[in-house]
Enquirer: 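Take this structure first; my questions come after.
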Amino acid sequence: MKINLVAIQRCLLGLALLALPVAAVTTDKAYSSALAQQLEVTGYAREMPPGAVMGAAYVSLRDLSGSARVLAQVELPAHPQASVAMHTTAEVEGVSRMRPLENITLPGNGTVEMRPGATHLMVRGVALKAGESLPLRLVFADGSMHELVLPIRGMQERADTRKPAAEHSDHQHHSHHHGE
Ligand SMILES: [Cu+2]
């Protein structure tokens with residue numbers, strides 16, 4: 001009886017070892033490749049002036065999945081001691097103030113573009129130096145993740161995150177406020 005029991009346990013264990021990891025890996029791979037195809041992320045981090053405590057990074061998230069996706073958290077895999085907060089900037093009585101965002105919802109078919117003076121990532125705990133790079137991990141509310149490496153641009157370098165092909169339209173100027 002004891003031998004049989006061990007045999008059964010081994011058998012069950014073997015099945016479990018075979019079945020579980022294979023299933024998990026297949027799911028993960030399928031999931032992440034689907035995510036990679038439907039989500040395109042570009043961006044950059046900005047070099048910090050000497051002595052600055054916080055730095056900023058801007059990403060453009062293009063989501064073509066057809067269903068909304070919620071960006072819940074941004075991590076820095078290469079700098080576990082550092083942290084990233086999602087911020088937006090709003091003008092309150094003529095003064096622009098940053099406000100933390102709990103998450104950022106990506107429409108299923110569209111682009112969320114961060115830029116200075118609007119939505120941005122606030123990096124704390126790592127010195128951002130021009131020419132270096134900053135690995136980012138985007139964690140979505142459904143548990144999926146997307147990793148990318150941002151270049152760190154110098155303080156004087158231009159801020160355009162768009163690809164050359166999409167650079168024709170001039171969206172650089174600030175919108176004017178009417179009716180004041
Ligand atoms: Cu901020």
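One-based numbering, in listed order, for ligands and for the atoms of each.
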Enquirer: Identify the heavy atoms of Tyr44 and Arg153 that sit nearest to each other, and give their distance.
Expert: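 Taking every non-hydrogen atom into account, CB-NE, 3.7 Å.
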
Enquirer: If you have a sec, read the angle at the Cu ion (ligand 1) from His120 atom NE2 over to Met98 atom SD, to 10 degrees.
Expert: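 About 90°, to the nearest ten degrees.
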
Enquirer: Glu40 versus Thr111: any side-chain heavy-atom pair under 4.5 Å?
Expert: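 Sidechains of Thr111 and Glu40: no contact.
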
Enquirer: The test is side-chain contact (heavy atoms from CB on, under 4.5 Å); show your working for Met98 and His120 and say whether it passes.
Expert: CA-CA 9 Å; Met98 299 194 297; His120 59 277; 3.1 Å; yes

Enquirer: Give, for atom CD of Gln156 and atom CZ of Arg46, the distance between the pair rounded to the nearest 0.5 Å.
Expert: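 The distance works out to 8.0 Å.
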
Enquirer: Can you tell me if an N/O/S atom from Met122 lies under 2.8 Å from the Cu ion (ligand 1)?
Expert: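 So Met122 does bind the Cu ion (ligand 1) by this criterion.
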
Enquirer: Of all N, O or S atoms in His87, which has the smallest distance to the Cu ion (ligand 1)?
Expert: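 Result for His87 and the Cu ion (ligand 1): ND1.
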
